[in-house]
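Here's the structure we're looking at; comments come further down.
Just so it is clear: chains get the letters A, B, ... in the order the sequence lines come, proteins before strands, and each one is counted from 1.
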Amino acid sequence: MRYFLCPVEQFFLGVPEDAVAAIMIYSEGVTKTVSRYEGGDTFFSLPHFFGLADRTVRHGIILKSSKPGASQNNGAASEPEEGARNILLVSSVEREADVPPEEIYSLPELLLASGHLSFFTGIAFERSLMIALIDPAALIAQIFRMQGEPV
Amino acid sequence: MPEVSSDVAAANTEKYLIFTILGKFYTFPSRFISEVTAFDHVYPLPLLPNYVRGIINRYAVPFALIDIGLLIRETATPESKVVVLKETVDKLAFLIDDVVDIIDIPVSSLLQVSQGAEQGDGSDIIEASFEWHDTHVFVLGVRQIINRVKADFEL
């Protein structure tokens with residue numbers, strides 16, 4: 001499976017390409033984790049969510065819209081309006097990579113016990129690099145949960 | 001008959017790996033342990049309590065690296081050596097100063113540790129203790145550590 005790799009401190013976040021509609025250049029300032037705009041677009045700043053608010057955001061990952069009744073985004077609060085988009089803001093999308101399923105390992109039970117990190121679907125190592133793979137829909141649901149919004 | 005006695009004695013003992021963390025003695029049953037290795041590199045993950053230092057790479061498998069020094073005494077353990085548990089226990093590893101010994105301990109020597117009123121005293125992650133060379137050795141509880149991390153996430 002192919003992933004877009006985004007550097008986060010000492011590892012890469014892996015966003016599955018099949019969940020992505022497009023990549024955009026982003027040059028606006030970001031001041032908070034969730035920003036909603038007219039028309040329904042919602043921007044999720046991952047540097048803010050990860051406590052790295054001083055990082056510059058350069059790219060946005062526009063996610064594919066979820067189909068009605070699909071589990072993506074996990075509920076009404078994160079479900080975009082018709083034509084609206086969910087966009088993950090990241091420091092940068094550095095490159096793409098193939099990560100074979102047999103090289104992906106689940107996180108330790110310790111880190112999954114609370115459910116806070118269940119948006120990480122697995123870890124893979126590429127030589128000295130660590131890639132933490134995510135489920136974007138689960139990540140958005142967790143952001144809403146931690147912001148105290150209904151999911 | 002002597003054979004029977006030694007068999008009974010063996011059945012009532014368990015082997016423990018004793019190690020130090022910030023100079024204090026801790027242990028796991030050796031059947032939990034996969035290896036002891038030199039610290040190499042840790043990949044911090046966001047949103048974790050500070051005593052979960054991140055992920056280490058053990059033969060391409062991710063293990064969570066726990067710093068008991070930070071958890072119990074709010075002092076970072078030097079990045080020297082790492083005790084790695086068996087994957088069947090959980091993918092956990094612990095920073096330690098060094099290994100001290102491997103010993104057989106009679107089950108009858110284990111003292112249950114009562115839970116302290118304060119979470120910060122560390123008793124919530126200690127399963128038992130025993131006396132060894134005039135000092136206390138604390139048996140770390142894997143399930144208790146997982147419960148502690150879960151509770152700290154929920155704060």
Side-chain angles (χ1 to χ4, degrees), chain A residues 5-14 33 44-55 88 90-91 99-134 138-139 142-143 145-148, chain B residues 28 32-34 39-68 70-71 79 82-95 119 124-125 140-155:
Chain A
L5 301 189
C6 313
V8 179
E9 296 289 88
Q10 296 184 43
F11 69 96
F12 283 89
L13 211 60
T33 302
F44 301 88
S45 169
L46 299 193
H48 281 76
F49 180 58
F50 291 150
L52 306 166
D54 58 330
R55 302 302 187 276
L88 302 180
V90 295
S91 296
V99 182
E102 64 272 17
E103 293 179 10
I104 300 172
Y105 292 88
S106 63
L107 265 69
E109 182 194 339
L110 173 97
L111 303 185
L112 298 173
S114 71
H116 283 63
L117 298 180
S118 54
F119 57 84
F120 284 121
T121 55
I123 298 276
F125 292 97
E126 187 184 70
R127 292 181 296 280
S128 62
L129 301 178
M130 185 178 87
I131 304 169
L133 309 172
I134 62 160
L139 171 61
Q142 183 59 24
I143 290 173
R145 208 172 283 127
M146 291 178 73
Q147 299 254 317
Chain B
F28 282 116
F32 286 1
I33 293 167
S34 160
F39 173 85
D40 182 13
H41 183 76
V42 62
Y43 301 86
L45 274 184
L47 309 175
L48 295 175
N50 70 338
Y51 56 84
V52 184
R53 298 277 291 270
I55 297 288
I56 62 169
N57 177 357
R58 299 309 305 157
Y59 315 107
V61 179
F63 281 69
L65 182 65
I66 310 294
D67 186 337
I68 293 294
L70 273 175
L71 198 165
E79 294 173 341
V82 175
V83 169
V84 183
L85 300 192
K86 287 180 178 167
E87 218 178 312
T88 48
V89 178
D90 191 12
K91 292 183 284 192
L92 296 181
F94 296 84
L95 275 172
Q119 191 180 56
D124 58 324
I125 62 159
L140 294 167
V142 174
R143 191 52 48 191
Q144 289 89 332
I145 291 168
I146 291 173
N147 288 339
R148 172 66 181 273
V149 174
K150 191 176 174 187
D152 285 345
F153 265 122
E154 288 165 356
L155 284 178

What closest approach, in Å, do B:Ile66 and A:Leu110 show between heavy atoms, and which atom pair accounts for it?
CD1-CD2, 3.4 Å
When the 4.5 angstrom heavy-atom criterion is applied to A:Phe120 and chain B, the contacting part is side chain
For the student: nearest non-hydrogen atoms of B:Pro62 and A:Tyr105, plus distance
CD-CB, 3.3 Å
Side chain, backbone, both or neither of B:Leu85 within contact of chain A (heavy atoms, under 4.5 Å):
neither
B:Asp152 side, atom CG; A:His116 side, atom NE2 - distance, nearest 0.5 Å
11.0 Å
So, the part of B:Asn57 with a heavy atom under 4.5 Å from chain A: the answer is both
Under a 4.0 Å threshold between the charged nitrogen and the carboxylate oxygen, would B:Arg143 count as salt-bridged to A:Glu109?
yes
Quick one: pull up CG in B:Leu45 and CG in A:Leu111 and give me the separation to the nearest 0.5 Å.
7.0 Å
Using heavy-atom distances under 4.5 Å, tell me whether A:Leu117 contacts chain B through its side chain, its backbone, both, or neither.
side chain
Could you check which of A:Gly115, A:Ser106, A:Gly122, A:Gly51 has the highest count of heavy-atom pairs closer than 4.5 Å to chain B?
A:Ser106
Part of B:Val52 lying under 4.5 Å from any heavy atom of chain A:
side chain
Walk me through it: do B:Leu47 and A:Phe49 pass the test side chain to side chain contact (heavy atoms under 4.5 Å, CB included)?
CA-CA 9 Å; B:Leu47 309 175; A:Phe49 180 58; 3.7 Å; yes
A:Leu46, part contacting chain B, at a heavy-atom distance under 4.5 Å
neither
Tell me, side chain or backbone of B:Ile145 under 4.5 Å from chain A's heavy atoms, or both, or neither?
both
Shortest non-hydrogen contact between A:Gln10 and B:Tyr43, atoms and distance:
O-CD2, 3.3 Å
Sort B:Val142 into side chain, backbone, both or neither according to what part of it lies under 4.5 angstrom from a heavy atom of chain A.
neither
Below 4.5 Å, heavy-atom pairs only: which of B:Ile146, B:Asn147, B:Asp90 has the largest tally toward chain A?
B:Asp90
Between B:Pro46 and A:Phe50 the two heavy atoms that sit nearest each other are CG-CD2, 3.3 Å
Heavy-atom nearest pair, A:Pro108 first then B:Ala64, reads CG-N, 3.4 Å
